[in-house]
Amino acid sequence: MSELWQLTLQEARAGLDARAFSAVELARACFERIAQVEERVKSYVTITESHALQQAEAADKAISEGLGNTLTGIPVQIKDLICTKGIRTTCSSRMLENYVPVYDAAVTEKLFVQGAVLLGKGNMDEFAMGSSCENSAFFPTRNPWDLERVPGGSSGGAAAAVAADEAIVALGSDTGGSIRQPASLCGVVGIKPTYGRVSRYGLIAFASSLDQIGPVGKDVTDCALALNAIAGYDPRDSTSLNLPATDFTAGLTGDIKGMKLGIPSEYFVEGMEPGVRRAVESAIKQLEGLGASVEPVSLPTTEYALACYYIIAPSECSANLARYDGVKFGYSYQDTSDMWEAMERTRQLGFGPEVKRRIMLGAYALSAGYYDAYYLKAQQVRTLIRQDFAQVFEQVDALVTPTSPVVAFPLGDKTADPVQMYLIDVCTLPINIAGLPAISVPCGFSEGLPVGMQLIGPHLSEDRLLNIAYAYEQATEWHKARPGI
Ligand code: GLN
């Protein structure tokens, strides 16, 4: 018999509604699972058991009064850069190690109003800067498929927790791939919504023009359900899109006949692992078998996307992280009466090496005399990248690519060379630069490790992407594979 912690969101919902088990039993089961494997996986920075059990009791009451909805009683993990009122929110940084927000992020508020149960806060690369979760100031998260390997990042905690059945569903954030890449490396589903689809209010900023919150789930339907719960207009985020509410499950028909899919040659990069190529190519064949037509397309400015991202993201990061001065909140060096020394020491001791590297890169790119050559140029390239996508989406409905050119790599493998680490995100970064939606779904294995396929669509095409992913999922078994941990 399957255990409660193994359920998908959809199955858990059905069980709760049928009173097959209570929300308290479901939450307890998840904590039992956490007790079994968390010591090895390390996907949580903070576990909120007593808070969760109170929420679960309230959820049971709501369900018994007929007041439940999709999320009522569903145990979730939330990435530790999304504010939770009264619950420590660290960004996996020494700087915010003891930071307890006085307000909930928009998405937290939405989950709680709907009765979700917070299991705890997910580990991540410090301030979401990284691709392996090794930049967490506390500890690295491990990949449940192979504990000696990384889960990807920066939302490594989210992907590892869902893959190891330590959460039914999780929220991550994606600035250049941080939802999709770890989902791919851990064999689960992750969607980065269109920029503006989900409110960033209460998301601790890394690069504000790129950041977007999204779900990581066990299958496509779960991601659609979780996206329903968090999407929507919020006047507190000036970039939030004011659109009528969408039910992202409504389009999950599994019918993709006549759909035109583009295969951009630039995404099948040099250095891509042969096993990844094989898995993605056979997934494309399968999509054809389901009635989609496939054609090669080209996005010529892709080759500049990585350079463009590593100017824009650090520039925005250097501005956003200027607020950590030891005065307003967070870590504060006290052992001096000199203001400048206090500020310097606060930042020296509070930030880890990758965060400092990004701040320096950004401050350099923005400085007088270099601004035009770097930041302005990167913004111009950004326009070209957006135009590439706009043109290609006049020809095709969606694009199919690998999510990551490699499968999960061993811990420590890429920490010595930042550029090697940055290169992991070549297939995901351009999507953030253009503000597009994209989803990663499991599409096979290479040497025993999960491979993810990425589907990219025009702005606001989440329903289409979810349906293509759903059609593929219906025809395959990959999403059912679980690590034997
Ligand atoms: N790995 C990329 C970076 O380090 C993207 C991270 C993210 O999406 N937050 O910036």
Side-chain angles (χ1 to χ4, degrees), residues 79-82 91-93 122-137 140-141 150-159 170-186 190-193 195 198 200 203-216 305-321 351-362 365 378 403-406 408-409 413-415 417-440 452 454 456:
K79 187 174 179 181
D80 213 16
L81 48 32
I82 296 175
C91 283
S92 289
S93 178
N123 195 25
M124 54 186 277
D125 287 295
E126 183 175 7
F127 282 99
M129 297 168 199
S131 309
S132 68
C133 236
E134 291 164 296
N135 294 338
S136 167
T141 296
V150 304
S154 65
S155 312
L171 290 190
S173 70
D174 191 313
T175 306
S178 278
I179 289 173
R180 292 159 285 156
Q181 185 259 14
S184 165
L185 270 47
C186 291
I191 181 164
K192 181 203 98 70
Y195 184 76
V198 177
R200 291 180 296 108
L203 166 70
I204 298 178
F206 161 13
S208 307
S209 77
L210 304 162
D211 296 342
Q212 191 61 194
I213 297 171
V216 176
L306 188 84
C308 173
Y309 175 89
Y310 275 98
I311 298 292
I312 293 175
S315 296
E316 294 184 15
C317 135
S318 80
N320 274 326
L321 273 59
F351 291 136
E354 184 59 30
V355 175
K356 288 179 192 162
R357 185 176 299 120
R358 304 285 178 108
I359 292 173
M360 285 191 281
L361 277 171
T403 306
S404 159
V406 299
F409 44 92
D413 202 38
K414 300 188 194 293
T415 40
D417 184 350
V419 176
Q420 284 307 312
M421 193 68 95
Y422 298 171
L423 279 167
I424 303 290
D425 301 310
V426 278
C427 299
T428 49
L429 305 165
I431 288 78
N432 300 70
I433 293 176
L436 301 169
I439 187 168
S440 178
Q454 177 174 238
I456 310 161

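Atoms within each ligand, like the ligands themselves, are counted from 1 in listed order.
Using modelled atom types, one side-chain atom of Ser155 and one backbone atom of Ser173 make a donor-acceptor pair closer than 3.5 Å. Side chain of Thr428 to main chain of Gly176: a donor-acceptor pair is present (N/O by atom type, distance under 3.5 Å, no hydrogens or angles). Without hydrogens or angle criteria, Lys414 side chain to Ile424 main chain gives no donor-acceptor distance under 3.5 Å. Between the side chain of Glu134 and the backbone N or O of Val150 there is no donor-acceptor pair closer than 3.5 Å.
Note on ring orientation: taking the six-membered ring where Trp is involved, the planes of Phe206 and Tyr309 are perpendicular (angle over 60°, cut-offs 30° and 60°).
Legend: residues meeting salt bridge (charged side-chain N to carboxylate O under 4.0 Å, His left out) with Glu316, ordered by chain and number and at least two apart, are absent.
For ligand 1, the protein residues within 4.0 angstrom (heavy atoms only) are Ala128, Met129, Gly130, Ser131, Ser154, Asp174, Thr175, Gly176, Gly177, Ser178, Phe206, Tyr309, Tyr310, Arg358, Asp425.
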